[in-house]
Amino acid sequence: MNRFLRGSEWRRWDLHVHTPETKKNDQYVGSTTEEKWNNFYEAISDYIGDGTDSVKNIAVIGITDYLSIDNYMKVKEENRLPQTVKLILPNVEIRIMPPSKNEPVNMHFIFNPEFASKLKTRFFSYLEFCYGNRKYHAIKEDLIELGNSFNPSFPEDVAYREGIDKFIVSIDNISDIFKNDRELRENTIIILSNSSNDGASGVDKDCSQMALVRKNLYIMTDMLFSANPRDVGYFLGKNVDSPEEIINKYNALKPCVHGSDAHSIDKLFEPDLKRYCWIKADPTFNGLKQIIYEPEVRVCISPTMPETKPSYHVIESVEVRDNAFQKEKIVLNDKLNCVIGGKSTGKSLLLKNIAVAVDRKQAEIKLGSNLDEKRLLNEVIVHWADGSDSILTNKTEQDLKHKIVYIPQTYLNRLTDNQQEKTEIDSIIKEILLQDDSFSERDKAFNKSIKDKNQVLSKKLYDLLQKYDLIKEKRNELSEIGNFDGIEKEIKRLEAEKEKLSHDSELSSDDILSYEDKSNEHAKNQKLLSNNCEMRRQLDSVSELVERIEIPYFIDSGISKCILEAQNRVVQESDKLWAQEKFKIQKLLDDAKDVLLLKNRELEDYLTSMSKKISSNKAFQNIAKQIQEQRNKLEEYKDKVEELKVLNGDYNDLKNLIVDGIIEYKMIHDTYAEYSSSNIEDYGLNFSIETVLKVERFKSFLNKNLDRRSIKSFQSKLNFDIEELDITKFNEELIGKIIELALSGDINLVKSTSTETFLKELQQDWYESLYRITMDDDCITEMSPGKKAIVLLKLLIQMADSTCPILIDQPEDDLDNRSIFKDLIPFIRKKKLDRQFIVVTHNANIVLGGDAEEVIVANRNGAKTPNEEYIFEYLTGSIENNIAINEMSDCVLPKNSIQGHICEIMEGGQAAFNLRKNKYNM
């Protein structure tokens with residue numbers, strides 16, 4: 001008995017092959033019948049070769065003849081076909097009424113080989129053709145008599161062929177045979193030719209009666225012989241009529257198959273236009289029946305094998321080197337593999353160890369404490385289809401060559417239960433969006449903008465702290481100088497004393513006034529000279545006036561280049577013009593300096609000449625000196641006040657820039673969100689980004705840095721309750737107040753936090769970009785747990801490399817039944833064409849509704865569930881596998897077929913089989 005361990009695989013089937021001695025139109029060449037047959041077998045061997053060419057490796061052949069299986073029996077008994085041909089099927093071709101355009105319609109009956117011995121008495125003997133006054137049956141004796149009725153002189157072999165040629169069956173006759181023999185119908189697949197010459201398409205559909213007959217032909221048919229893409233699409237409900245309309249008309253969707261219809265060697269396995277027939281099933285009669293239940297996904301007409309995947313993204317087999325496990329490798333299909341079994345049979349254990357072998361880091365993150373190193377097996381080798389291996393041992397390193405998506409048991413629910421501001425769901429959505437190149441570029445630019453903004457604010461904060469310290473210093477200097485009123489009073493007192501002394505001196509009042517005026521003028525000129533030098537120094541340091549602005553990250557690269565070029569041109573022109581104007585200003589300053597120097601020399605000459613008179617009166621000289629000192633103090637005081645005014649203005653400007661900068665983080669996030677909305681149409685998922693405030697993190701920041709005893713005082717000074725904080729209340733006024741309180745020392749920080757540290761942390765980005773996703777107009781935050789889980793499952797699969805394998809452990813634990821039927825099963829059926837799935841499940845509907853290509857039955861040795869040799873053993877095969885290895889075995893796995901295990905192990909298994917069987921004609 002052939003065992004197809006890898007389950008349902010795409011293989012080439014040719015269900016319409018005539019052999020030498022076919023009853024009509026035998027075109028095989030040979031001088032003798034024996035030579036014809038030898039040439040036939042040799043041609044097949046040459047075509048198939050060693051079987052390594054999937055396109056030429058014919059797995060199943062339908063040996064076809066008219067009203068006979070003699071040639072099928074001959075091929076079967078001689079057993080001369082290559083070993084790569086796994087199955088031959090008897091295909092009986094019959095012509096039926098009404099006629100097509102040129103001849104009667106051809107209908108094919110493919111029988112279960114196990115039923116072949118019963119066909120003479122259960123099928124051929126009931127086929128009827130009335131001619132003259134006699135009813136003939138499709139047995140050899142009657143067919144010879146029918147041939148002789150046209151010409152009694154025909155030899156027996158000629159009469160036999162003539163009888164076959166004339167034998168035409170009615171639809172009612174065929175219908176009655178199968179209606180009266182249900183077992184025969186279960187073991188028969190009816191295929192109708194749909195060509196316009198000898199098929200149903202040629203039946204006159206314009207005549208109402210013929211149209212009804214044609215409809216009945218389609219109704220009683222399981223499949224159609226047609227490679228016409230229009231036929232394929234139409235009978236799957238993909239063209240003029242919908243699936244529902246096709247089912248309503250013909251009771252079911254109909255698959256289309258094709259064959260070479262070879263009557264000669266040159267036509268063997270080579271239909272026109274290389275329209276080869278590929279069927280995804282075990283090469284068994286029951287395997288062929290699967291395309292009736294899955295008419296769209298189990299058969300394909302194509303010159304090449306469908307649904308191939310990169311070999312480096314397909315796990316070919318798993319080898320467990322542990323004394324408790326079977327030594328035989330567990331082979332895997334490249335599509336949907338379902339691991340089933342009773343409780344504690346090692347299903348999840350196997351999946352976990354495969355995941356750790358390929359991607360230990362992912363397994364550790366997703367399993368957390370559930371990883372449990374003690375439950376890891378001694379050695380697990382994951383063999384990939386490209387010939388490489390991923391190995392799990394106690395020294396396992398990360399496999400950097402291969403990727404998987406691993407979704408452990410209840411992982412989806414754990415994700416949805418996370419109530420943090422930003423959860424792993426956001427990370428998952430972002431990773432998906434990053435697969436889009438344009439989004440990835442925007443994200444890089446967004447992160448750069450945030451980083452640049454932080455650097456700018458850090459510099460401004462440093463300047464702010466410097467300014468604040470300078471203001472404190474100037475205030476201290478002012479307090480040391482005194483106060484304005486006090487200095488003015490002192491000057492008046494000294495002047496009154498000087499006036500008294502002037503009466504007793506040789507100096508006239510005019511001399512005194514002139515001396516004081518000239519002294520004041522000299523002091524002012526000295527100040528002006530000092531200012532002139534400082535202005536000249538600062539002017540010399542200014543090399544350019546135009547500052548380049550940062551180009552926003554969301555601007556297109558082409559536009560950015562244009563802006564940059566424009567900036568360069570403007571800067572060059574500006575620098576040239578500034579150099580000219582700067583020279584003019586420098587000349588003005590130098591000229592003003594020369595005037596001041598000349599004036600000061602004149603003043604100094606005068607003051608020198610007057611100093612002899614002044615010095616003769618020591619008291620007067622001291623008073624004059626004190627008055628000048630006080631006046632100098634007064635000027636210094638005024639200068640300090642002006643400096644403070646400028647410093648305070650600069651400080652307020654810097655503070656406002658920092659406050660605005662912190663709020664501008666939101667603008668960067670909002671722009672990022674506006675330009676980053678996206679969707680994945682295949683999944684019906686819409687993405688958007690929402691800017692939110694990190695409320696809890698900001699509260700944590702305050703609680704960490706503020707002395708707990710001063711938090712109430714802090715809130716009182718802010719006139720704000722931090723517990724009421726939201727994105728609308730986190731504004732310029734609030735941030736400005738917090739900065740003022742921190743700098744002034746009006747809030748008590750914990751000992752480990754300095755004012756500078758506190759403000760540096762304050763000026764960070766307090767906003768978050770949360771990634772929202774909607775499906776069917778429901779936002780993920782509002783979805784039911786089941787719907788949310790299926791969305792997350794889709795996201796996790798979309799997130800990873802587009803074709804790497806997906807390992808899922810019991811998805812039914814995260815989903816409700818509605819989500820399994822409505823969302824999960826259609827999703828898996830679609831994605832398994834591109835991705836390999838390995839799913840551990842107890843749900844029969846996932847196995848059968850998902851049309852698993854391979855089922856892996858796990859069993860643990862026990863008193864009631866004995867294994868042959870090991871504690872853990874596995875049986876692999878397809879859904880269509882309905883034959884046990886050994887029904888008499890004492891062990892669990894070999895005594896039942898895959899179908900039997902599904903029904904026995906899985907709750908609702910038989911119901912799921914029935915649902916699958918009837919889903920297209922419920």
How many angstroms lie between atom SG of C256 and atom CD1 of I291, to the nearest 0.5 angstrom? 9.5 Å
Of all heavy-atom pairs between L376 and N353, which one has the smallest distance, and what is that distance? CA-OD1, 3.4 Å
Quick check: F325 with Y870 (ring centres under 6.0 Å apart)? no
So, R860 side chain and T865 main chain: donor-acceptor pair closer than 3.5 Å or not? no
Side chains of T345 and N859: do they bring a donor and an acceptor to under 3.5 Å? no
Are T304 and K274 packed together at the side-chain level, in the sense that at least one heavy-atom pair is separated by less than 4.5 angstrom? no
Decide yes or no for V17 and F269: does some side-chain heavy atom of the first lie under 4.5 Å from some side-chain heavy atom of the second? yes
Give a yes or no on whether the backbone of Q409 and the side-chain of Q810 come within a donor-acceptor separation of less than 3.5 Å. no
Before giving the answer on side chain to side chain donor-acceptor pair (under 3.5 Å), spell out for S897 and N881 the whole-Å C-alpha distance, their side-chain angles and the decisive distance to 0.1 Å. CA-CA 6 Å; S897 66; N881 177 285; 4.6 Å; no
Between K864 and V892, what is the shortest heavy-atom contact and its length? O-CG2, 4.2 Å
Please determine if E78 and K74 form a salt bridge, counting it only when a charged side-chain N lies under 4.0 Å from a carboxylate O. yes
Does E183 come within less than 4.0 Å of R185, counting only side-chain N to carboxylate O? no
Can you tell me if D222 uses its side chain to pair, donor with acceptor, with the backbone of I190 under 3.5 Å? yes
Evaluate the side-chain proximity of E316 to R6: yes if any heavy-atom separation is below 4.5 Å, no if none is. yes
Side chains of N112 and N187: do they bring a donor and an acceptor to under 3.5 Å? yes
Candidate pair R182 and E186, rule side chain to side chain contact (heavy atoms under 4.5 Å, CB included), full reasoning: CA-CA 6 Å; R182 298 300 296 274; E186 282 294 314; 5.5 Å; no
A side-chain contact here means heavy atoms from C-beta on lying under 4.5 Å apart; do V257 and W13 qualify? no
Quick one: pull up CG in L87 and NZ in K76 and give me the separation to the nearest 0.5 Å. 9.5 Å
Test side chain to side chain contact (heavy atoms under 4.5 Å, CB included) on D389 and W384 and set out the steps. CA-CA 6 Å; D389 296 330; W384 295 82; 5.6 Å; no
For the CD1 atom of I69 and the CG atom of L89, what is their distance to the nearest 0.5 Å? 12.0 Å
Is a side-chain N or O of N333 found less than 3.5 angstrom from the main chain of K335, in a donor-acceptor match? yes
Roughly how far, to the nearest 0.5 Å, is the OG atom of S878 from the CG atom of L5? 10.5 Å
Mind checking the CD1-CD spacing from I879 to Q899? Nearest 0.5 Å is all I need. 8.5 Å
Taking side chain as C-beta onward, heavy atoms only, is I340 less than 4.5 Å from H842? no
Is there any salt bridge (charged side-chain N to carboxylate O under 4.0 Å, His left out) pair reaching into residues 275-284, and which pairs are they, with sequence neighbours excluded? K280-E307, K280-E853
How long is the straight-line distance from OG of S260 back to NE2 of H16, given to the nearest 0.5 Å? 8.0 Å
Quickly, which of H402, H383, K401 forms a side chain to side chain donor-acceptor pair (under 3.5 Å) with S388? Name it, please. H402
Tell me whether E296 is salt-bridged to R829, with the criterion being a basic N under 4.0 Å from an acidic carboxylate O. no
Measure from NZ or CZ of K832 to the centre of the six-membered ring of F837 and say whether it is under 6.0 Å with the direction within 45° of the ring axis. no
Show the nearest heavy-atom pair for residues V331 and E854, with the distance to one decimal. O-OE2, 2.7 Å
Step by step, work out the side chain to side chain contact (heavy atoms under 4.5 Å, CB included) result for I279 and V60. CA-CA 10 Å; I279 291 176; V60 181; over 6 Å; no
Hey, does the side chain of T410 reach the backbone of N413 with a donor-acceptor pair shorter than 3.5 angstrom? no
Any donor-acceptor pair under 3.5 Å linking the side chain of S889 with the backbone of I885? no
Please report the shortest heavy-atom distance between D14 and G259, naming the atom on each side. OD1-CA, 3.3 Å
Residue pair E880, R298: steps toward the salt bridge (Lys or Arg N to Asp or Glu O under 4.0 Å) verdict: CA-CA 12 Å; E880 57 264 27; R298 287 275 191 154; 3.3 Å; yes
Any donor-acceptor N/O pair, K56 side chain to G51 backbone, under 3.5 Å: no
Between N817 and I820, does a side chain to side chain contact (heavy atoms under 4.5 Å, CB included) hold up when you go through it step by step? CA-CA 5 Å; N817 282 329; I820 289 172; 4.2 Å; yes
Please name the residue in the list L793, V405, T841 that meets the side-chain contact (heavy atoms from CB on, under 4.5 Å) test with I808. L793
Would the number of heavy atoms belonging to other residues, nucleotides or ligands and lying under 6.0 Å from CD of E364 be above 12? yes
Is there a side-chain contact between L332 and S317 (heavy atoms, below 4.5 Å)? no
Pairs meeting criterion salt bridge (charged side-chain N to carboxylate O under 4.0 Å, His left out) with involvement of residues 803-825, two or more places apart: D776-K822
Please determine, by modelled atom types, if D386 and S311 share a side-chain donor-acceptor pair under 3.5 angstrom. no
Is it true that K289 and E294 make a salt bridge, defined as a side-chain N closer than 4.0 Å to a carboxylate O? no
Side chain W278, main chain S302, donor-acceptor under 3.5 Å: yes
Atom of I902, atom of V855 and distance for their closest heavy-atom approach: CD1-CG2, 4.1 Å
Which atom pair, heavy atoms only, marks the closest approach of Y874 to A858? CE2-CB, 3.5 Å
Test item: N91 side-chain N/O and L15 main-chain N/O as donor-acceptor pair under 3.5 Å: yes
Is the shortest heavy-atom distance from the side chain of V839 to the side chain of L807 under 4.5 Å? no
Check for a donor-acceptor pair, side chain of N845 on one end and backbone N or O of G849 on the other, with a separation under 3.5 Å. no
Close side-chain approach of I838 to L351, heavy-atom, < 4.5 Å: yes
